[in-house]
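Following: one structure in structure tokens, then a few remarks.
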Amino acid sequence: MTKQILLNAFDMNCAGHINHGLWTHPRDQSYRFNELNYWTDLAKTLERGLFDGLFIADIIGVYDVYQNNLDVTLKESVQLPSHDPMTLISGMAAVTTHLGFGVTVNLSYEQPYTLARRFASLDHLTQGRIGWNIVTGYLDSAERLFGRKTLAEHDLRYEQANEFLNVCYQYWEHSWQDDALRHDKTARIFTEPSKVHEVQHHGQFYQSQGVFQVSSSPQRTPVLFQAGASNAGMNFATTHAECIFIGGDTIAQVKQHVENIQQHLTKQGRARDEVKIFVGITVVTAETEQQAQDKFKEYQRYASPEAGLAHYSSSVGINLAQYDEHETIPYKKTNSIQSINKKFKSQSITPHQLKQQHQLGGRYPLFIGSGQQIAQQLIHFLDETGIDGFNLTRTVTPESYHDFIDWVIPELQQQGRYKTRYDAGTLRQKIFKQEPYLPAHHPAKQHALKKSDSYIK
Ligand SMILES: Cc1cc2nc3c(=O)[nH]c(=O)nc-3n(C[C@H](O)[C@H](O)[C@H](O)COP(=O)(O)O)c2cc1C
């Protein structure tokens, strides 16, 4: 059977997310991100397009590396101001039935207990449509906000993340049996005491003992998203994640990345089909190729490649403004995103060339064409690389979502490569066509209640 394409919208609770500068376009509405209606309308739009999910990025901290200040970031609204993504979910869940929500939360500034409680609460309220994009951060500016000077060492952050997850798994998978809630008014038993269990965790970074506050939710553990791409990041992602995001400019790069993931998965004893791999993309489309090209040129007039560079500087932890336009950017080891920084090791690239790659202000692969052409290109990309789906960034919003839904989705459907209706069930069931809970051999399950506890059927 041909593989169906999975699709998330990739957005952030701010004006300038990936494709910088486009908030200045007269038709762009992203400045309304502080209105709940903006988000509920978006959720309804995405459900009209049968998107699997809305994936919401987030950062803690600000982009202050470029020129060693915040000027470009503030003027161009490069993910600043930006608001807490979790606050959006209940509102959007209330106006949709099927759309999933992947929310980014940086665990470095959280405690496992409180974060696990928020996700479990949202899993209840969304009826099992919540996912967590696990990140550990890459900004020294965030550390300073928390009274520290610099980021913890890159690989150590993943060690801490590993333990963080293991504590969360105990809350989600161990504390409450499925049938603990009785709601028996006559017997005056809301919860059956023998079916609620204590968690005991004594680790290197975290200590916790007691009962979790939230009863077992539709998925128990939210769908786990991750984007680690360094060696440590890849080990972490292939141990825990169910959905992995990757970057990559070319089919060859992405294909290699997918093969690398496959090797790591094998090492972890997991099969390739236990994870779904997504690539971030930008699309400009219209009824005809000419109209799409015209639209791209129009958008380009509003884009800010320099703001893209300010974003890039913070991603790699290097002030790219210090180099002349045509000077090769030297490789420097930093504590930020290793997988992006390594571009300077493998390629000779100047600030001018980087800006040229940021034609719409963002660094994701750009597809321009009619709906039919885009559908063909996406199918080709997916089939050649072995990925499972795409994270679609926005350009002029909500216009670019409507364009994709109106022009590309019907073409994908016609080719039998995109669903024509949603499946029933939780986000995990929809994506994997399996059970609502994590599969039995996922590491979270070592914390699950035993068969005798009547939790596993
Ligand atoms: C598509 C994609 C989306 C990401 N979104 C976020 C995000 O919202 N917040 C964040 O702090 N990091 C984000 N990251 C960065 C990752 O969390 C991670 O730092 C990065 O992939 C590099 O991992 P590495 O240090 O293992 O190379 C994203 C990465 C990718 C590829």
Side-chain angles (χ1 to χ4, degrees), residues 6-14 16-19 53-63 78-80 82-86 88 101-110 131-143 151-162 164 224-241 243-249 253-254 257-258 260-261 264 276-282 311-312 314-317 333-346 362-365 387-394:
L6 294 168
L7 188 63
N8 292 314
F10 188 31
D11 213 318
M12 187 164 168
N13 197 354
C14 64
H17 174 210
I18 294 286
N19 293 307
L54 168 61
F55 179 81
I56 313 177
D58 191 40
I59 53 166
I60 298 281
V62 293
Y63 294 153
V78 184
Q79 303 189 354
L80 184 68
S82 69
H83 300 180
D84 188 324
M86 275 221 171
L88 304 172
F101 303 100
V103 187
T104 301
V105 182
N106 184 334
L107 57 80
S108 303
Y109 309 106
E110 299 280 346
W132 174 21
N133 177 33
I134 308 155
V135 301
T136 65
Y138 52 89
L139 298 172
D140 282 342
S141 62
E143 291 295 312
L151 283 170
E153 197 267 318
H154 179 271
D155 290 8
L156 185 70
R157 299 204 298 272
Y158 281 113
E159 269 177 52
Q160 182 164 355
N162 198 46
F164 193 110
L224 301 171
F225 294 73
Q226 225 281 322
S230 58
N231 199 36
M234 189 86 87
N235 278 333
F236 179 83
T238 52
T239 303
H240 298 279
C243 298
I244 298 182
F245 294 135
I246 60 176
D249 303 331
Q253 275 172 4
V254 171
H257 204 134
V258 170
N260 207 355
I261 290 174
H264 276 78
K276 300 292 182 192
I277 304 176
F278 294 82
V279 166
I281 52 165
T282 298
H311 185 171
Y312 209 100
S314 277
S315 297
V316 294
K333 188 172 182 330
T334 68
N335 237 349
S336 299
I337 303 184
Q338 285 188 3
S339 42
I340 300 181
N341 193 14
K342 77 174 183 218
K343 186 173 188 138
F344 302 130
K345 209 192 244 178
S346 58
R363 59 174 173 256
Y364 287 78
I387 62 164
D388 302 285
F390 298 97
N391 270 357
L392 180 69
T393 66
R394 58 173 158 87

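Remember, it's 1-based here, ligands and their atoms both numbered in the order they're listed. All residue numbers refer to positions in the sequence shown, counting from 1.
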- Message: Could you work out, for atom 9 (N) of ligand 1, the closest of Ile18, Val135, Asp58 by heavy-atom distance?
- Response: Asp58
- Test of ring centre spacing under 6.0 Å for Phe390 and Phe278: no
- Query: Hey, what's the ring geometry for His240 with Phe236, parallel, tilted or perpendicular (30° and 60° as the breaks)?
  - Reply: tilted
- Message: Students should be able to answer this: which protein heavy-atom is nearest to atom 5 (N) of ligand 1, and at what distance?
- Response: Asn133 ND2, 4.0 Å
- Rounding to 0.5 Å, atoms CZ (Phe10) and NE2 (His17) come to a distance of 4.0 Å
- Task: First locate atom CG of Asn341, then atom OH of Tyr312, and finally report the distance between them rounded to the nearest 0.5 Å.
- Result: 8.0 Å
- Task: Compute the shortest N/O to N/O distance between Asn391 and ligand 1 and return yes if it is under 3.5 Å, no if not.
- Result: no
- Query: Does at least one non-hydrogen atom of Phe10 fall below 4.0 angstrom from an atom of ligand 1?
  - Reply: yes
- List the closest protein heavy-atom neighbour of atom 19 (O) of ligand 1: residue, atom name, distance to the nearest 0.1 Å. Ile337 CG1, 3.9 Å
- Task: Go through ligand 1 atom by atom and flag the ones less than 4.0 Å from a non-hydrogen atom of Tyr158.
- Result: 23 (O), 24 (P), 25 (O), 26 (O)
- Task: Can you see which heavy atom on Ala142 is nearest to which on Tyr109, and at what distance?
- Result: CB-OH, 3.3 Å
- Answer yes or no: does an N/O atom from Ala229 fall short of 3.5 Å to an N/O atom of ligand 1? yes
- To the nearest 0.5 Å, how far apart are CD1 in Ile134 and OG1 in Thr104? 10.0 Å
- Taking all non-hydrogen atoms of both residues, which atom of Pro85 and which atom of Ile56 are closest, and how far apart? CB-CG2, 3.6 Å
- Message: Below 4.0 Å from ligand 1: does a non-hydrogen atom of Asn106 turn up there or not?
- Response: no
- Over 12 foreign heavy atoms within 6.0 Å of NZ, Lys342: no
- Message: Going by the closest heavy atom to atom 26 (O) of ligand 1, which one wins out of Gly280, Ala57, Ser315, Ser230?
- Response: Ser230
- Query: Are Phe278 and ligand 1 in contact, using a heavy-atom cut-off of under 4.0 Å?
  - Reply: no
- Query: Are any non-hydrogen protein atoms located under 4.0 Å from atom 14 (N) of ligand 1?
  - Reply: no
- Item | Tyr364 touching ligand 1 at heavy-atom level, < 4.0 angstrom | yes
- Protein residue, atom and distance nearest to atom 27 (O) of ligand 1, heavy-atom basis: Ser339 OG, 2.7 Å
- What about His154: any of its N or O atoms under 3.5 Å from an N or O on ligand 1? yes
- With only distance considered, is Ala227 within less than 3.5 Å of ligand 1 through an N or O on each side? yes
- Query: Can Asp249 and Arg363 be counted as an ion pair, charged N to O under 4.0 angstrom?
  - Reply: no
- Protein heavy-atom partner closest to atom 12 (N) of ligand 1 - residue, atom, separation in Å: Tyr138 CE2, 3.5 Å
- Task: Give the numbers and elements of all ligand 1 atoms closer than 4.0 Å to a heavy atom of Gly228.
- Result: 23 (O), 26 (O)
- Task: Number the atoms of ligand 1 from 1 as they appear, then name those within less than 4.0 Å of a heavy atom of Phe245, with their elements.
- Result: 1 (C)
- Matching residue for Arg157 among Leu107, Thr136, Val135, Asn106 - test: side chain to side chain contact (heavy atoms under 4.5 Å, CB included): Thr136
- Query: Would a 4.5 Å heavy-atom cut-off, applied to side chains only, mark Asn133 and Val103 as touching?
  - Reply: no
